[in-house]
Amino acid sequence: MRPLLTRLFTSTHIAMASSSFSSSPSRRLAHLTRHLASSSSSELSSVGAPAAAAADAVPAKTPRSAPSKVHAAVLVCLFEDPSSGPRVLLTKRASSLSSHSGEVSLPGGKVEDGDADPKATALREAKEEIGLDPALVNVVTVLEPFLSKNGLNVVPVIGMISDKALFKPVLNKAEVEDIFDAPLEMFLKDDHRRTKQMSWMGIDIPVQFFDYEADGKRFVIWGLTAHIVTRAAAVIFGRKPSFDELPRPKYASAPVAGTNESKP
C-alpha cells in the first residue's frame, strides 16, 4: 500500500466502507476513488492538477451555462499490484493507423450515437480494442475533459479491475499493437520524465515524455496520454507531481470544426 492509501484508510475512512472493502487492496483503491469523487468538483479539479501544456493536450474550459460537447472518452483502467501499488493499463497503437501510429495511448475513442455517456464510450472502446469485458471494470469517477490539439473534448474515465487475473487481453490488431501496464505513481515523479520543446501552429510548447521499459520493450508515454494519466495519478494519490508544472499554452481552446480523426 502506498502512504496516501494507508493514511486515508484510517479507522475513520474504513468505517465508511463495508468489511469487504477493507479486506482487499483493489477495493480499498476503489473506495478511495469514490471518496475523492464525492468531494466537490472544485476540490477534485484542484488536486494536483497539472498545467497540461503539450502539443496535444490542454484542459478544456467548459462554461457552466453552456457545457462543451463531449467528443471522445478514454479509460484510465487501474488495478492494484501488491508490490508496486496501483498500476494503469496502456496500449501501443498499431503502426498501420493513419493518425498517432505507434504511439502509446489509453483505450478510448470517439463517442458514438448509441453511447449513453462517456463511461459507455470508454468501456465500449476498451472492449473493442483490448477485449476488456465491461463487467470486470468498476467505474469510480470521471474527470474533467481535456482538449486535444485536434479540437476534441476528451473525458478521462477512471475504472478499477478488482481481479487482474480475470482479464485476458484480446488485441484488435487493426488498432492495437501491444498492451502493457505501468506504476501509476511514476507519473508524479521526475525519475523517468523529460521535456522537449515542440512546435505547434508556430508556437513552441514544452511537452513532457515518460520513458518506461516493460518485458524488454521500451515505451514512451507523452502528450495527451501523459497528461491524462498524470492528472489521474494526482487525484488518486492526492498530491501534485514532484516536477514543476509546465506553463499553459496560449492557443485557443475552442473545438476545431470538421476534424475527422478517429481517435483523440
Side-chain angles (χ1 to χ4, degrees), residues 37 41 44-45 48-63 66-78 88-93 97-101 103-130 132 137 139-159 175-176 184 187 198 200-201 205 207-210 221-236 246 248-249 251-264:
S41 58
L44 185 61
S45 298
D56 62 349
V58 58
K61 285 189 174 180
T62 306
S68 298
K69 179 181 178 182
V70 173
H71 299 97
V74 293
L75 181 64
V76 185
C77 193
L78 309 176
V88 58
L89 290 178
L90 294 161
T91 69
K92 182 178 180 181
R93 288 167 58 78
L97 292 172
S98 60
S99 63
H100 305 290
S101 59
E103 293 184 7
V104 172
S105 68
L106 293 157
K110 280 189 173 182
V111 173
E112 295 186 356
D113 290 340
D115 296 338
D117 51 32
K119 292 182 285 187
T121 298
L123 292 174
R124 174 183 54 74
E125 288 284 344
K127 173 67 174 178
E128 294 175 1
E129 292 181 6
I130 59 176
L132 177 58
V137 183
V139 174
V140 289
T141 195
V142 175
L143 301 183
E144 78 286 355
F146 278 68
L147 184 68
S148 77
K149 68 178 181 181
N150 299 305
L152 298 180
N153 282 318
V154 182
V155 173
V157 177
I158 297 182
E175 297 189 48
V176 178
L184 185 64
F187 296 91
M198 299 185 71
W200 185 78
M201 292 185 68
I205 301 170
V207 181
Q208 67 176 0
F209 296 74
F210 290 91
I221 306 106
W222 70 287
L224 182 65
T225 298
H227 284 283
I228 287 177
V229 179
T230 297
R231 173 67 59 86
V235 169
I236 292 298
L246 297 175
R248 181 168 178 160
Y251 50 82
S253 60
V256 176
T259 180
N260 55 11
E261 289 247 326
S262 61
K263 292 289 173 182

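All residue numbers in this chain count up from 1 along the given sequence.
The side-chain heavy atoms of Leu152 and Lys110, taken from C-beta on, include a pair separated by under 4.5 Å. Taking 4.5 Å as the limit, every side-chain heavy atom of Phe210 sits out of range of all side-chain heavy atoms of Val229. Taking 4.5 Å as the limit, some side-chain heavy atom of Pro107 sits within range of a side-chain heavy atom of Thr91. Side chains of Phe146 and Val74 form no contact here, defined as non-hydrogen atoms less than 4.5 Å apart.
Lys119 is linked by a side chain to side chain contact (heavy atoms under 4.5 Å, CB included) to Asp117, Val139, Val142, Val157, counting only residues two or more places apart in sequence or in another chain.
Atom CZ in Arg124 sits 4.0 Å away from atom CG in Asp115 (nearest 0.5 Å). Glu175 contributes atom CD, which lies 11.5 Å from atom CD1 of Ile130 (distance to the nearest 0.5 angstrom). Atom NZ in Lys127 sits 13.5 Å away from atom CG in Leu75 (nearest 0.5 Å). Residue Leu184 holds its CG atom at 9.0 Å from OG1 of Thr230, rounded to the nearest 0.5 Å.
Heavy atoms only, all atoms of each residue included: Ile221 and Ala226 are closest at O-CB, 3.8 Å. Residues Ala116 and Ala120 approach most closely at N-CB, 3.8 Å, considering heavy atoms. Of all heavy-atom pairs spanning Ala73 and Pro118, the tightest one is CB-O, 3.4 Å. Trp222 and Glu103 get closest at one heavy-atom pair: CZ2-OE2, 3.4 Å.
Each of Thr225, Leu90, Ile228 was checked for a side chain to side chain contact (heavy atoms under 4.5 Å, CB included) with Ser105, and the lone residue meeting it is Thr225.
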